Amino acid sequence: MHIDWQHFTPWSSLAGGVMLGLAAALFVLLNGRILGISGILGGLRLREHGTRGGDRAWRVSFLLGLLAAPLLWMAGEGWGLAQPGLMSDAMVIDADWGMLIVAGLLVGLGTRYGAGCTSGHGVCGLSRLSPRSLVATMAFMGAGFATVYVLRHIV
Amino acid sequence: MTKLATMTLPQRLSEFTVGLLFGLGLILSGMTDPRKVLGFLDLAGDWDPSLALVMGGAIAVGVLAFALAKRRGSSLLGSPLHLPTNTRLDRRLILGSLAFGIGWGMAGLCPGPAMVSMAAGQGKALLFVLAMLAGMRLFDFLERQTQRRIKEN
């Protein structure tokens, strides 16, 4: 193993991680819910079914906040709080269109069957000490390591 | 303001703020940078361990919060705790998570960062999100088929 010290960002990654943990903490303590993006998104219905309403509004509020984050970040760049262009420069997607469509389908289908993604299983599930989330996290991390190995070192 | 709105306004504000904080955390941590994510998943190449610190930082805070939430038993804004009750380690969990991991390794994007990237105006992220939503709808469709088959038998 060779560590890429040049791209290693211990402090911003740790600080960002603490923010993710704080968001998950606030969500369960204030709203009583698990912060899991695939579950929040996958459970969103355009029309509410049945008599038990109120399952859509909380998802929409959360997702609007999530979508507002890059806009606030860009505003912050304008106010001189962050280096301009740093965020958008660091969002470059190298995968081609065909690859992105297949990857997106796999992520959508897989996170629904597996009932969680990096946030729901990886952050909240491991924080709850859930054996199910530990198994899921090992499975998707393992598959991620294997996929990158195949795509970068074999194909 | 209606009675219903005054009752749910604190919850809506809290959800929005939590979403915002989570999105900012994703950007600051480097999770919205597919090159960084793939650099972490590339154990055999130049390995960037940053994302291990993202998970470590998040879980360190999360462990305390979930322990506290379980002890309290209800949320501060009044709604009950909605915690998962499923404890099965079944094929769905494992195969689903494996499929997710393959997609994650192909694009370097998972659901949250993909949404943030899309909102930042990355066209390719929009394509990924549309495919992801299609995958989620496909799951709903397949689930309905399975339920119908169970009912018929």
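Residue numbers start from 1 in every chain, and the chains themselves are labelled A, B, ... in the order their sequence lines are given, proteins ahead of strands. Every heavy atom of this structure was used, including side-chain atoms; hydrogens, water molecules and symmetry mates were not. Since this is a predicted model, take the numbers as computed values, not measurements.
- Across B:Asp42, B:Thr32, B:Leu98, the residue that shares the most heavy-atom pairs under 4.5 angstrom with chain A is B:Asp42.
- With chain A as partner, the option from B:Gly23, B:Ser29, B:Ser74, B:Gly123 having the largest number of non-hydrogen pairs under 4.5 angstrom is B:Ser29.
- Neither the backbone nor the side chain of A:Trp5 comes within contact range of chain B; no heavy atom of the residue lies under 4.5 Å from a heavy atom of that chain.
- Contacts of B:Ser117 with chain A are made by both backbone and side-chain atoms, with heavy-atom separations under 4.5 Å.
- Ranked by non-hydrogen atom pairs under 4.5 Å with chain A, the options B:Ser97, B:Cys110, B:Gly62 are led by B:Ser97.
- In this structure, the portions of A:Ala68 lying under 4.5 Å from any heavy atom of chain B include both its backbone and its side chain.
- Using a 4.5 Å cut-off between heavy atoms, B:Pro113 does not touch chain A at all.
- Proximity to chain A (any heavy atom under 4.5 Å) is shown, for B:Asn86, by both the backbone and the side chain.
- Only the side chain of B:Leu127 has a heavy atom closer than 4.5 Å to any heavy atom of chain A.
- Of the atoms belonging to B:Pro80, it is backbone heavy atoms, and not side-chain ones, that fall under 4.5 Å from chain A.
- Among B:Arg88, B:Glu143, B:Met132, the residue with the largest count of heavy-atom pairs under 4.5 Å with chain A is B:Met132.
- The contact between A:Tyr149 and chain B is made entirely by side chain atoms (from C-beta outward), counting heavy-atom distances below 4.5 Å.
- Using cut-offs of 30° and 60° on the angle between ring planes, the pair A:Phe27 and A:Trp58 is tilted.
- Aromatic ring orientation, B:Phe22 versus A:Phe62: tilted (interplanar angle from 30° to 60°).
- In this structure, chain A has no heavy atom under 4.5 Å from any part of B:Ala114.
- Using a 4.5 Å cut-off between heavy atoms, A:Ile40 makes no contact with chain B at all.
- Heavy atoms closer than 4.5 Å to chain A are found in the side chain of B:Leu133, but not in its backbone.
- If you measure heavy-atom distances from A:Leu71 to chain B, the contacts under 4.5 Å come from the side chain alone.
- For B:Leu26, the parts sitting under 4.5 Å from any heavy atom of chain A are the backbone and the side chain alike.
- For B:Met55, the part lying near chain A is the side chain, with the backbone staying farther off; criterion is any non-hydrogen pair under 4.5 Å.
- Looking at B:Arg137, only its side chain comes within 4.5 Å of chain A, counting heavy atoms on both sides.
- Heavy atoms of A:Arg152 lying under 4.5 Å from chain B belong exclusively to its side chain.
- Ion pairing of B:Arg12 with B:Glu15 is present here, as a side-chain N (NZ or NE/NH1/NH2) and a carboxylate O approach within less than 4.0 Å.
- Chain A forms more heavy-atom pairs under 4.5 Å with one residue of B:Ile102, B:Leu138, B:Leu81 than with any other, namely B:Ile102.
- Residues B:Met106 and A:Leu151 approach most closely at CA-CD1, 4.0 Å, considering heavy atoms.
- For A:Met74, the part lying near chain B is the side chain, with the backbone staying farther off; criterion is any non-hydrogen pair under 4.5 Å.
- Proximity to chain B is limited to the side chain of A:His153, based on heavy atoms less than 4.5 angstrom apart.
- Neither the backbone nor the side chain of B:Ala60 comes within less than 4.5 Å of any heavy atom in chain A.
- Chain A forms the most heavy-atom pairs under 4.5 Å with one residue out of B:Ala134, B:Gly78, B:Pro84, and that residue is B:Pro84.
- Side chain of B:Lys36 to backbone of B:Gly108: no donor-acceptor contact under 3.5 angstrom is found.
- Here the shortest heavy-atom pairing between A:Pro70 and A:Met87 reads O-CE, 3.9 Å.
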